[in-house]
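First comes the structure, then the notes that go with it.
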Amino acid sequence: ALPASARDALNRMKGQLDEFFGASARQADGGLYTGTVRGRSVSLRGIDSVPVNYVKRDRVEYAALRKDFDSTVRGDFLRDLAGDPAKVGALRRAGLDQAAIDRIATGRVPQGWQVHHKLPLDDGGTNSFDNLVLIRNDPHHIALTNAQRTLVGDLTVGQSRQVDFPIPRGFVYPPAP
């Protein structure tokens, strides 16, 4: 049982290593991912297929991370996006209007969007901003959530499985409407 600070440092290093090695796993077709939403196939561009040894996280640890995300991290991430002019430009290019950006600036998620963990908290994912993405709910977030359920939804705590996990690029997805 490592102290939380040591676990967080190791998780950050794991994320950086996964990102580095995952870069070699980017799909040759430019990151085209085919997901399923309400029984229909949807094609999503800019999604990397990253090899991950997915290990189902302890529920107490997961609950603590989720509580932190729900209480502070989500809002802090959104305010960070709205506080950076370059990121605001990317939000506009993604189709968010001024009212949505104003909402983001107050730490609230705009209607039709979610803040998504690229590598889920359920595995080794962290609440670090580089593991978060503001993502359009339908069909993008739904397709990725369905993929997660299909790939690892049957695992119990401590079980693991090597999977090619779909991870969106950047901090806003899709980057353009």
Side-chain angles (χ1 to χ4, degrees), residues 1-37 41-78 80-81 109 113-174:
L2 293 173
S5 60
R7 275 195 318 269
D8 288 344
L10 288 171
N11 280 331
R12 280 192 301 279
M13 285 188 285
K14 177 186 181 290
Q16 290 169 338
L17 287 170
D18 287 346
E19 187 171 331
F20 174 77
F21 289 112
S24 65
R26 297 203 197 289
Q27 297 176 354
D29 61 6
L32 182 64
Y33 174 76
T34 302
T36 304
V37 175
S41 291
V42 294
S43 294
L44 306 177
R45 293 210 173 275
I47 302 289
D48 295 320
S49 182
V50 178
V52 172
N53 184 34
Y54 196 103
V55 181
K56 183 87 166 189
R57 180 174 258 152
D58 173 77
R59 298 295 82 191
V60 172
E61 186 178 349
Y62 168 82
L65 288 165
R66 174 55 67 179
K67 181 179 179 184
D68 190 36
F69 175 75
D70 289 340
S71 65
T72 60
V73 174
R74 179 190 295 118
D76 290 347
F77 172 72
L78 291 167
D80 179 74
L81 294 180
V109 180
W113 293 77
Q114 299 287 328
V115 176
H116 174 79
H117 288 85
K118 295 176 183 183
L119 184 61
L121 292 178
D122 192 46
D123 177 43
T126 69
N127 283 325
S128 67
F129 289 1
D130 62 344
N131 190 45
L132 301 176
V133 60
L134 179 64
I135 187 170
R136 186 177 294 278
N137 194 46
D138 194 355
H140 310 89
H141 186 252
I142 295 170
L144 294 179
T145 300
N146 288 345
Q148 179 182 352
R149 259 188 237 115
T150 300
L151 291 167
V152 295
D154 62 330
L155 295 179
T156 59
V157 172
Q159 283 187 315
S160 66
R161 179 177 297 141
Q162 185 71 31
V163 295
D164 288 333
F165 208 79
I167 297 181
R169 298 176 190 161
F171 57 85
V172 61
Y173 186 85

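Starting from 1, each residue takes its place in the sequence as its number.
Between Leu119 and Val52, the closest side-chain pair of non-hydrogen atoms falls below 4.5 Å. At least one side-chain heavy atom of Arg57 sits less than 4.5 Å from a side-chain heavy atom of Leu65. Here the side chains of Asp154 and Arg161 are in contact, with some heavy-atom distance below 4.5 Å.
Side-chain atoms of Lys118 do not come within 3.5 Å of backbone N or O of Arg169 as any donor-acceptor pair. In terms of modelled atom types and a separation under 3.5 Å, the side chain of Asn137 and the main chain of Trp113 share no donor-acceptor contact. With hydrogens and angles disregarded, a donor-acceptor distance shorter than 3.5 Å links the side chain of Asn146 to the backbone of Thr36.
Gln114 meets the side chain to side chain donor-acceptor pair (under 3.5 Å) test with no other residue; sequence neighbours excluded. Residues passing the ring pair (Phe, Tyr, Trp, His ring centres under 6.0 Å) test with Tyr54, sequence neighbours excluded: Phe165.
Relative to the ring axis of Tyr62, Arg59 places its NZ or CZ within 45° and under 6.0 Å from the centre.
Rounding to the nearest 0.5 Å gives a distance of 11.5 Å between CG of Asp48 and CG of Leu32. Atom OG1 of residue Thr126 and atom CZ of residue Phe69 lie 11.0 Å apart, to the nearest 0.5 angstrom.
Counting all heavy atoms, side chain and backbone alike, Lys56 lies closest to Leu155 at CE-O, 3.7 Å.
With 3.5 Å as the limit, one finds a donor-acceptor pair spanning the side chains of Thr72 and Asp68.
Pairs passing the ring pair (Phe, Tyr, Trp, His ring centres under 6.0 Å) check and including a residue from residues 133-163, sequence neighbours excluded, read His116-His141, His140-Tyr173.
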